[in-house]
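The next block holds one structure in the form of structure tokens; read it before the comments.
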There are 2 protein chains.
Amino acid sequence: MVSNRPRTTAPHDVVLIGRSTQQRALVLGALIVAEGFVSAQALHKQLVGTGSSVGLSTVYRTLTALAEAGRADIVRDTNGERLFRHRPGPDHRHYLLCTECGLSLPVESGPVEKWAERVARSSGFANVRHVVELSGICPDCERQPGQAT
Amino acid sequence: MVSNRPRTTAPHDVVLIGRSTQQRALVLGALIVAEGFVSAQALHKQLVGTGSSVGLSTVYRTLTALAEAGRADIVRDTNGERLFRHRPGPDHRHYLLCTECGLSLPVESGPVEKWAERVARSSGFANVRHVVELSGICPDCERQPGQAT
DNA sequence: AAGGTAGATGAAAACGATTTTCACATCAAT
DNA sequence: ATTGATGTGAAAATCGTTTTCATCTACCTT
């Protein structure tokens, strides 16, 4: 239940899901600052590294909740790891992800959307959803191989 | 390394990768018979159930090899589990997968392919690959809810 | 402001899929 | 048949993610 949000102590920043705690703010903040797809683990490492000690479970819980609330997108990298990205708008987008450095480029996705819809309609399937992931090696990484994070 | 394939005894009907062993034939056979996406675990369970005892590791190894050799497609289900499907032809396809019964329908994917290529070209990324998964509820399952496998 | 309580946290354990290890079995060229 | 490369499998190791559970805290009520 996320509907009623009794607002007494308005924090400083963005409102998140459920109770407003410092940890959630930290995770969301880090996710926003990341500006691209990050794994929960990476986010956690970064937070801990910055001195903000947040439990790994909390990072996972928060990210999952954000995704469920539609405030984050999730993709899976080639190893099956989940990468999260803060979603500014309510629209559904697709990204081109660099498998070397994690750089993510939003791409023009109109055609796929249309295609997906058409397929959905002609198939008779209900509730059709799609996952589209493009990945490759960005120009920079292509130029200087082998210097990932 | 799967590149060099000392081939003296050309197998007749089902060609596999590397050495021709009974286990590989079993796995490939089961994959073909499955006619849709199956997880390595499910395949293994089925094989063992049928009396053909093949090690789980071997199932994984074979499926992975098949995929690398382009003879199988891989998708990820919502839990991150890998599902494998035998690919008859050398072409790359996309499927519409029923989340209830597992039915998979190959879909007309020309437009996405073109789109993916276009995006790849205009992005400057190298080696761009794409994963496209459509999932929904097939007409049958839609009609009779709640009788999954 | 104090208290109560549903909700949140985190360390550690549990999980589940996949991979690796390694001793042993098997394939296939000789 | 011999033999060396290759494949196999049971068990252990990985690794990302989830759960457990005792403890803490935000926040509503008094």
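Lettering follows sequence order; numbering is per chain, from 1.
No side-chain heavy atom of B/R82 sits under 4.5 Å from any side-chain heavy atom of B/F37. A/H130 places none of its side-chain heavy atoms less than 4.5 Å from the side chain of B/V132. Contact of the A/F125 side chain with the B/L134 side chain is not registered, since no non-hydrogen atoms from C-beta on lie closer than 4.5 Å. For the pair B/F84/B/L31, a side-chain contact is recorded, criterion being any heavy-atom separation below 4.5 Å from C-beta on. In this structure, B/E108 and A/W115 have side chains that are in contact, with non-hydrogen atoms separated by less than 4.5 Å.
In this entry the distance linking CD of A/E81 with P of C/dA17 reads 18 Å, nearest Å. Per the geometry, CD belonging to B/Q22 stands 14 Å off C1' belonging to D/dG9, to the nearest Å. Between B/L63 atom CG and D/dG9 atom P the separation is 13 Å, expressed in whole Å. Rounded to whole Å, the distance from CG on A/L56 to P on D/dT17 is 9 Å. Here the C1' atom of nucleotide C/dA17 and the CG atom of B/L83 are 12 Å apart, to the nearest Å. Spacing between atom CG of B/D77 and atom P of C/dG16 amounts to 14 Å, rounded to whole angstrom units. When the P atom of D/dT8 is taken as reference, atom CG of B/L26 falls 10 Å away, rounded to whole Å. The distance between atom CG of B/N79 and atom P of C/dA17, rounded to the nearest whole Å, is 8 Å.
In the region residues 40-47 of chain B, proximity to DNA chain D at under 4.0 angstrom, judged on heavy atoms, holds for none of the residues.
OP1 or OP2 of D/dT8 has at least one side-chain nitrogen or oxygen of B/T21 nearer than 4.0 Å. Within the 4.0 Å cut-off from OP1 or OP2 of D/dG16, not a single side-chain nitrogen or oxygen of B/R76 is found. Between A/R82 and D/dC15, a side-chain N or O to OP1/OP2 separation shorter than 4.0 Å is absent.
Taking every side-chain heavy atom of B/Y60 into account, C/dT19 is the closest of C/dT19, D/dT18, C/dT9. Which of D/dC27, D/dT8, C/dT9 sits closest to the side chain of A/S20 comes down to D/dC27. Of the candidates D/dT8, C/dA17, C/dT9, the closest approach to any side-chain atom of B/R24 belongs to D/dT8.
A/H94 and A/S109 make their closest contact through CD2-CB, 3.4 Å (heavy atoms, listed as atom of the first residue, atom of the second, distance).
Within the 4.0 angstrom heavy-atom criterion, no nucleotide atom of any strand lies near A/S39.
A distance-only check finds no donor-acceptor pair linking the side chain of A/H44 to the backbone of A/G55 [under 3.5 Å]. One N or O on the side chain of A/R87 and one on the backbone of A/G70 form a donor-acceptor pair closer than 3.5 Å.
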Can you pull every protein N or O that's under 3.5 Å from an N or O on nucleotides 20-25 of chain C?
none

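Positionally, the nearest nucleotide of DNA chain C for A/Q23 lies more toward the 5' end than for the other of B/G80 and A/Q23.
Clustering ILVMFWY residues whenever any of their side-chain heavy atoms sit less than 4.5 angstrom apart, transitively, puts A/L63 in a cluster other than the one holding A/V33.
The environment of B/R118 atom CZ is dense: over 12 non-hydrogen atoms of other residues, nucleotides or ligands sit within 6.0 angstrom.
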